[in-house]
Amino acid sequence: MRKVDSHTHAYMLHARDLEPMALAGVEDVVLCSFVPIARYPETLIDHFTELDTIHRSRFDELGIKAHLFVGIHPRSIPAEWKRVLPIIEEFVSSGKAVGIGEIGLEKASDLELEVLREQLKLAKELDVPVIVHIPMSDRTSIVDKVLSLAKEVKFDFGKLVIDHTSNDTIDIINEANAVPGLSVKPPLLTPKDVAENIGKYSNGLLNSDCASLTDTDPLAVPKTVLYLKKVGVESGIIDRLAYRNAMKTLRLSRAP
Ligand SMILES: [Zn+2]
């Protein structure tokens, strides 16, 4: 069973935590840009370069292919955020990044909405997928706001991954034909939640959202695969959740 972890900040982790991912058969990881504090555009710009150079090769050494998503996260929007947009464009156009993320909404302030709108427009122009963050509170109203922004800019919902989906938001996302990102982490989803509602979640993209600052597990994807197998979920569905849906939606390629 092939596995891709479709949303991580695994660049924050030590090799001793990355090696078990490789041993558990994770072949591909998506590295989503994020720094907790970015007062200046240069902080993000340097971060993107760090992902492309230092961190990409750390994963290469473990036999894991890293795919980059770069963007302005709603929790750390620099004052002069517009200066980051041409850099995101350059990363995508040159093939260093395959999409825009992690972007999204945290409190849905006017500034956050404007930053998200501009990044959706850019992703549309570049014809690439986006990975969109939703917060822990006001979740359904935030998802509605993401969907209406995407509609406003005529963004292709097939390329709109709304991540950190859980039992509260999965129906709205499915009904809109957007793509649910499934972060298996507390307090959102457990492997059991996915198994018990497998019909609702089968279009999803499993991920760990692993990072050093949060209660996450770099092995969330292989552990979920193991659990789904144990409770008898059909292997074709597990293959889609753990591999095929992400490869297709995020247009990940195994070529060097
Ligand atoms: Zn994340």
Side-chain angles (χ1 to χ4, degrees), residues 3-13 17-18 21 26 28-38 43-44 47-48 50-52 55-56 59 64 66-78 81 84 88 91 97-108 112 115-116 119-120 123 128-139 142-143 146 159-166 168-170 173 178-190 194 204-221 223-224 241-242 245-246 249-250 252:
K3 295 171 214 83
V4 47
D5 194 336
S6 66
H7 178 151
T8 79
H9 307 277
Y11 46 86
M12 294 181 186
L13 305 179
D17 295 316
L18 300 180
M21 292 177 89
V26 176
D28 297 81
V29 297
V30 172
L31 301 181
C32 291
S33 68
F34 172 70
V35 285
I37 295 176
T43 306
L44 289 181
H47 174 57
F48 299 166
E50 176 199 4
L51 293 179
D52 181 45
H55 294 293
R56 191 191 292 281
F59 289 88
I64 298 176
H67 307 268
L68 263 54
F69 271 65
V70 296
I72 307 167
H73 192 286
R75 278 199 216 132
S76 44
I77 301 174
W81 60 272
V84 185
I88 295 174
F91 264 73
V98 292
I100 300 185
E102 179 173 3
I103 57 175
L105 297 175
E106 183 69 28
K107 296 191 166 25
E112 285 181 20
V115 174
L116 179 57
Q119 294 187 97
L120 288 174
V128 289
V130 292
I131 296 179
V132 176
H133 162 96
I134 58 168
M136 292 298 176
S137 53
D138 279 337
R139 291 166 55 80
I142 296 261
V143 170
V146 171
K159 295 193 189 77
L160 178 69
V161 178
I162 302 188
D163 222 312
H164 316 324
T165 300
S166 186
D168 57 348
T169 43
I170 186 69
I173 293 166
V179 184
L182 310 177
S183 305
V184 180
K185 63 170 189 174
L188 295 176
L189 283 177
T190 62
V194 178
L205 276 52
L206 284 178
N207 64 75
S208 67
D209 195 20
C210 62
S212 60
L213 303 165
T214 52
D215 180 13
T216 47
D217 180 357
L219 296 181
V221 173
K223 284 180 183 173
T224 304
L241 279 167
N245 290 348
T249 305
L250 304 179
L252 308 181

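Along the sequence shown, residues are numbered consecutively beginning with 1. Atoms within each ligand, like the ligands themselves, are counted from 1 in listed order.
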**OP:** Over 60° means perpendicular and under 30° means parallel, so classify the ring planes of Phe34 and His9, tilted if in between.
**Re:** perpendicular
**OP:** Check Glu102 and report its N/O/S atom nearest to the Zn ion (ligand 1), by atom name.
**Re:** OE1
Subject >> Donor-acceptor contact below 3.5 Å, side chain Arg75 vs main chain Pro36 >> reply: no
Subject >> Metal proximity, His7 vs the Zn ion (ligand 1), N/O/S cut-off 2.8 Å >> reply: yes
Original post:
Measuring to the Zn ion (ligand 1), does Asp163 have an N/O/S atom at a distance below 2.8 Å?
Top reply: no
Original post:
Is any side-chain heavy atom of Leu31 less than 4.5 Å from a side-chain heavy atom of Phe69?
Top reply: no
Subject >> Interatomic spacing from CD1 in Ile131 to OG in Ser6 - rounded to 0.5 Å >> reply: 6.5 Å
**OP:** Please state whether the separation between the Zn ion (ligand 1) and some N/O/S atom of His73 is under 2.8 Å?
**Re:** no
Subject >> N/O/S atom name from Asp209 that is nearest to the position of the Zn ion (ligand 1) >> reply: OD1
**OP:** Report the residue from Thr8, Thr216, Asp163 that forms a side chain to side chain donor-acceptor pair (under 3.5 Å) with Ser183.
**Re:** Asp163
